[in-house]
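To start, the structure itself, in structure tokens.
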Amino acid sequence: MHRYRTHTCGELRKENVHEIVKVSGWVHSVRDHGGIIFIDLRDHYGLTQIVIDPSQPFYKGVEHWRVESTICFTGQVVDRIPEAINPKLPTGDIEIVAKEMETLGESKVIPFQIAKEEECNETLRLEYRFLDLRRDSLHKNIMLRSKVISRMRELMTGEGFMEIQTPILTSSSPEGARDYLVPSRVHPGKFYALPQAPQQFKQLLMTSGFDRYFQIAPCFRDEDARADRSPGEFYQLDMEMAFATQDDVFEVNEKVLHQIFTEFSDKRVDDIPFTRIPYREAMEKYGTDKPDLRNPLVMQDATELFRDCDFKAFAGVVASGGVVKTIAAKGCAGESRKFFDDMIKFAQSVGSKGLGYLRWVDGEIQSPIAKFLSEDTLNQLKQLGGVGDGDVMFFIADKLKPASEIGAAVRDELGKRLGLIDPDVFRFCWIVDFPMYELDDEGKVEFSHNPFSMPQGGMDDLLNKDPLEILAFQYDIVCNGTELSSGAVRNHSPELMVKAFDIAGYDQSIVEEKFPALHRAFQYGAPPHAGIAPGVDRIIMLLADEPNIREVIAFPMNQKAQDLLMGAPGNVEHHQVRDLHLKIHLPKKVEEEIENGGE
RNA sequence: GGGGGUGUAGCUCAAUUGGUUAGAGCGCCAGCCUGUCACGCUGGAGGUUGCGAGUUCGAGUCUCGUCAUCCUCGCCA
């Protein structure tokens, strides 16, 4: 007989009755009836009920064993009496009558309950992550993660992709987020950086002829956390394809994502090919480049209809170059006064001066602003929104950018409040045709996304078009309002690359200095190539229906990028710092704390 | 760095307008109980109300500061 077990806690069934078995696991719950004790023994695979009779020598001891200790039981599998069958458990037809018991690992009193999943302070959960991970929901999320990643590998391999590792210690890249740096011992004053993504490596692999690369790639960015953004590190299903177009990338990703989402969720998944929305259209209709298509509401432009109207608040905005955005919401004219007041408050909370609306009720228009609008204007608005009796149109007037942002927020809020968002569906879309350049805060032309993207019109566009009019082969994949990834057809021509950087104000020497590898590699016969890198954590977050990315990461850091279990970041020995030729220069505040006996 | 929420027993929460000795459920400890499966019953221990000032006859409650944590803006090629 095996030292610890002949069966797991999830596998014994009626057909095992009479067998002598050995099982090991955690004490999930103890039900002590004085004369008889039931223990639910739990492992990764399930729960099995152990029965302990008073005649057993270890009976007295068992009373005192705490939940979450690990114990090994040897005993006989028996049928439960009919009244005692538990249909909630797969093993509920049987139980094990214990003959021997061995304690494997005793547990202290646990800081929060594991068998009962009540809400619990997250700091405590992170400090005791190993216990939190025993809890069913988190345990299941991590298993889901494992299965999804495994399936991703299968699917990618099936599509002819090769998984290739790229360096974790690499050089700092000038673009993008803040890098995590690692000081070099051998080269005083020099630093490695952890990769923000294997971007340049995968492009180099393309020039090396590997044709189709992928990797479940760790990415490191020193940026602040959000609910859907874990600080420090995250994973991407990174991929790149040689001699490939945008459509080739879309085809592979639609196949893989559709398969993963269909296989690992009960929700309906959009048919492929996924909807493609040009960036400009997305901004006009949704006010964002990551629209939640579950929400049927769209924004429309009503600027011209308000240009010469008597409603001075709006006419004034239009006269000063602003816009009026409208959202038509069908069937909500009957909502309470409070609903409309709350919507106005909401709009104000996201930076709007107000929120106008027109309600069509019983053939009349009810609205604080209707009296300022002509019959003709009202009819045109009605036609624009395609509305009728029982419907409402909301209006936001502001400069284009804030109006779009406020409109996007109002659209989301209306979707939620009116229950328009189907929780049982995954709606995907590609956002395509991103602009190559945009103006930064100082009015300077800057790359709007990835400087390695291919301008759609090639050198001709770079030479002849207004930079702000140039579109890139740059795309995002969005699911239910979550941006899963950006990708692009890459610029594989050294000449185009130099020109593209030139427009953004970077000299050729900068390209050579900052991106020496790509600049050199592309001069030795680079294949056209394209790729993308969907975020693994976010995909699993959507599949697990979790609002928080930490729920799908085994050992996440908190918002301040600390690992409360391991104590990272932590202090190191002086000699370690010395070996790295570093001097620590603490902020005044921290120094004072240490002097006051802080550490 | 800015804005917002939260902080009361080991855990989740309550405590009316500022007013008696800060309560409940779970957990823990002790006792009872031979068919439970979130077992049940009885009893008990457990509190610097995050911390520090202030206002007040009186502060869990109000004010200020500070710390922790979450959400968010900035940031995220």
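No hydrogens, no waters, no symmetry mates; every other heavy atom, side chains included, goes into these values. So that the names make sense, note that chain A is the first sequence line, chain B the second, and so on, each numbered from 1. These numbers were taken from a predicted model, which means no experiment stands behind them.
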Do the ring centers of A/Tyr279 and A/Tyr475 come within less than 6.0 Å of each other?
-> no
The ring pair (Phe, Tyr, Trp, His ring centres under 6.0 Å) partners of A/Phe522 (sequence neighbours excluded) come to A/His529
A/Arg31 (side chain) and B/U34 (base): donor-acceptor pair under 3.5 Å = no
Could you check whether A/Ser486 gets within reach of a base, just the sugar-phosphate, or nothing at all, counting any heavy atom under 4.0 Å?
-> nothing
Which residue lies toward the 5' end of RNA chain B, A/Gln49 or A/Leu124, if each is placed at its nearest nucleotide?
-> A/Leu124
The Watson-Crick or G-U wobble partner of B/C11, with both key distances under 3.5 Å, is B/G25
Under 3.5 Å on both distances, the Watson-Crick or G-U partner of B/A77 = none
pair_partner(B/A30), Watson-Crick or wobble, both distances < 3.5 Å, evaluates to B/U42
Between residues 343-355 of chain A and RNA chain B, which residues have a heavy-atom gap below 4.0 Å?
-> none
Would you mind writing out the side-chain donor-acceptor pairs for residues 493-506 of chain A within the sub-3.5 Å range, not counting sequence neighbours?
unit_1	atom_1	unit_2	atom_2	d
A/Ser493	OG	A/Glu495	N	3.3
A/Ser493	OG	A/Glu495	OE1	3.3
A/Ser493	OG	A/Leu496	N	3.0
A/Lys499	NZ	A/Asp502	OD2	3.2
A/Tyr506	OH	A/Glu446	OE2	3.3

Sticking with atom P, work out how far B/G25 lies from B/G43, rounded to a whole angstrom.
-> 11 Å
Set of side-chain hydrogen bond (donor to acceptor under 3.5 Å, both in side chains) partners for A/Thr170, sequence neighbours left out | none
Separation of the C1' atoms in B/A45 and B/G54, to the nearest angstrom | 36 Å
Could you list, one pair per line, each protein nitrogen or oxygen that sits under 3.5 Å from a nitrogen or oxygen of nucleotides 3-8 of chain B, together with the distance?
none

Grab the N/O contacts between the protein and nucleotides 24-28 of chain B below 3.5 Å, and write none if there aren't any.
unit_1	atom_1	unit_2	atom_2	d
B/C26	O3'	A/Lys116	NZ	3.0
B/G27	OP1	A/Lys116	NZ	3.1

What integer number of Å spans the C1' atoms of B/G46 and B/C11?
-> 13 Å
Pair listing, salt bridge (charged side-chain N to carboxylate O under 4.0 Å, His left out) test, anchored in residues 217-228 of chain A, at least two apart = A/Asp228-A/Arg538
Got a sec? Which of residues 410-417 of chain A come in under 4.0 Å of RNA chain B, heavy atoms?
-> none
Under 3.5 Å, is there a donor-acceptor pair linking the side chains of A/Thr482 and A/Asn480?
-> no
Closest to the 5' end of RNA chain B, once A/Gly35 and A/Glu119 are matched to their nearest nucleotides, is A/Glu119
Interatomic distance at C1', B/U20 relative to B/G2, whole Å = 44 Å
Between B/U17 and B/G4, how far is it from one P atom to the other, in whole Å?
-> 24 Å
In whole Å, what separates the C1' atom of B/C37 from that of B/U42?
-> 23 Å
Pairing residues for A/His492 by the ring pair (Phe, Tyr, Trp, His ring centres under 6.0 Å) criterion, not counting sequence neighbours = none
Base, backbone or nothing for each nucleotide of nucleotides 68-76 of chain B, written B, S, -, heavy atoms under 4.0 angstrom, 5' to 3'?
-> SSBBBBBBB
Positions of residues 444-458 of chain A (non-hydrogen atom under 4.0 Å from RNA chain B), listed by number | A/His449, A/Asn450, A/Pro451
Applying ring pair (Phe, Tyr, Trp, His ring centres under 6.0 Å) to A/Tyr235 and not counting sequence neighbours gives none
Is there a donor-acceptor contact under 3.5 Å linking the side chains of A/Glu546 and A/Asn141?
-> yes
Using the P atom in both, what is the distance from B/G44 to B/C57, to the nearest Å?
-> 39 Å
